[in-house]
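Everything below concerns the one structure shown next.
Since this is a predicted model, take the numbers as computed values, not measurements.
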Amino acid sequence: MNGTYERPLPRRRVEVVTVWYGYALSHWRGPRMPRFSSPMVSAWNPVLAQGLAVDPHAPAPYRDELWCDRWIAEALLYGRKPYGAFTLPADEVMRWFAKSGGTNLVYRAQLDGELVRVVAGTSERYGQLFDLDALIADYREALPKDLAEREAQALEAHRSRSPALDYVLTENAEALFAQAALSVRGLTLGYPPRETAARIGAEAAQAARVGTDAARAPIGTDVAR
């Protein structure tokens, strides 16, 4: 049994499991976001790019420590991800450079010991790559109003920008990417927005709990443990 399996839950939520030969690689619940879809966005992107497995002792497709890097490199070439970073031996990277010549990919590379680290992204604009109107509408339905508007503004601001221009060619590009809104980072990596929305909601809830604990703590008490 291989594939992505979805089960609708009450209150506009969905449960998703990715399975490889009967073994679960990921399992999560999040809001349904039915309007948006893209060939560059898949439940497999976060799983295969990060080497996820529900049980670390179960069989998995990851054959060696560079397997996920090789998968990211191939996914970029064949339009399954708009942006990504990978580290591979120089001979493999040189072959990747040659193959990328007929694509819209822009890349930056640097030596990392005996390997080469590559950060690459498509030059196409977010507004060309994705149906941002549908995505923003989904976020507005999936998240509380204040969180939804924050993410909607971030996505709108990227409509005429591109992964290559903003997060490959710009100085300190990777640091800027790490500071981008979660909705933008998830979309740029080809992660499912419903999974990203679940994370946004969870992080907001955690921040609210920390703030409540801090407000209740006596003066001088360290609540950030």
Side-chain angles (χ1 to χ4, degrees), residues 4 6 8-16 18 26-47 49-50 52 72 75-76 79-85 119-170 172-212:
T4 302
E6 300 184 11
L9 299 175
R11 299 181 181 179
R12 298 180 183 175
R13 293 178 63 80
V14 65
E15 182 177 25
V16 182
T18 54
S26 70
H27 180 199
W28 60 271
R29 296 176 180 87
R32 297 182 205 173
M33 298 178 73
R35 299 174 183 83
F36 177 81
S37 65
S38 168
M40 284 191 143
V41 170
S42 166
W44 289 105
N45 276 343
V47 174
Q50 299 178 56
L52 301 184
I72 292 170
L76 286 164
R80 296 195 294 270
K81 280 175 69 70
Y83 169 91
V119 180
T122 179
S123 60
E124 292 179 271
R125 296 174 181 176
Y126 284 89
Q128 296 171 314
L129 291 169
F130 304 111
D131 184 350
L132 293 182
D133 292 331
L135 181 57
I136 289 170
D138 274 342
Y139 268 113
R140 284 178 169 150
E141 189 171 279
L143 294 175
K145 185 176 180 179
D146 57 337
L147 297 179
E149 289 308 312
R150 182 188 69 191
E151 302 302 328
Q153 289 176 19
L155 290 166
E156 281 287 359
H158 279 71
R159 193 179 289 272
S160 62
R161 296 152 71 175
S162 79
L165 183 61
D166 283 69
Y167 302 121
V168 178
L169 296 178
T170 305
N172 299 321
E174 288 187 81
L176 290 174
F177 181 70
Q179 296 167 8
L182 273 175
S183 58
V184 172
R185 277 187 278 158
L187 184 64
T188 305
L189 290 167
Y191 291 4
R194 58 194 179 185
E195 188 170 340
T196 304
R199 181 179 168 187
I200 292 169
E203 290 192 0
Q206 183 180 11
R209 286 195 297 270
V210 171
T212 300

- Walk me through it: do Tyr126 and Glu156 pass the test side chain to side chain donor-acceptor pair (under 3.5 Å)? CA-CA 9 Å; Tyr126 284 89; Glu156 281 287 359; over 6 Å; no
Considering only distance and modelled atom types, tabulate donor-acceptor pairs under 3.5 Å from the side chains of residues 36-43, sequence neighbours left out.
residue	atom	partner	partner atom	Å
Ser38	OG	Met40	N	3.1
Ser42	OG	Trp44	N	3.0

**Report entry** Contact check, side chains of Tyr83 and Val168, non-hydrogen atoms, under 4.5 Å
**Finding:** yes
**Asked** Ignoring hydrogens and geometry, is there a side-chain-to-backbone donor-acceptor pair from Arg80 to Leu76 under 3.5 Å?
**Response** no
Side chains of Thr18 and Ser26 only: does a donor on one sit below 3.5 Å from an acceptor on the other?
yes
| query | With a 4.5 Å limit on heavy-atom distance, are the side chains of Arg140 and Glu149 in contact? | reply | yes
- Item | Within-4.5 Å side-chain heavy-atom neighbours: Phe130 and Leu187 | yes
Discussion item. Is the shortest side-chain heavy-atom distance between Arg125 and His158 below 4.5 Å?
Written reply: no
Check: Taking the side chain as C-beta and beyond, is there a heavy-atom pair between Leu189 and Asn45 under 4.5 Å?
Finding: no
Rounded to the nearest 0.5 Å, the CZ atom of Arg12 sits from the CZ atom of Arg194 at a distance of 16.0 Å
Taking the side chain as everything from C-beta on, heavy atoms only, tell me whether Leu176 gets closer than 4.5 Å to Thr170.
yes
CG (Leu129) and CZ (Arg159) are apart, to the nearest 0.5 Å, by 12.5 Å
**Report entry** Electrostatic pair Glu195-Arg199, nearest N-O below 4.0 angstrom
**Finding:** no
So OG1 of Thr196 and CG of Leu143: to nearest 0.5 Å the spacing works out to 10.0 Å
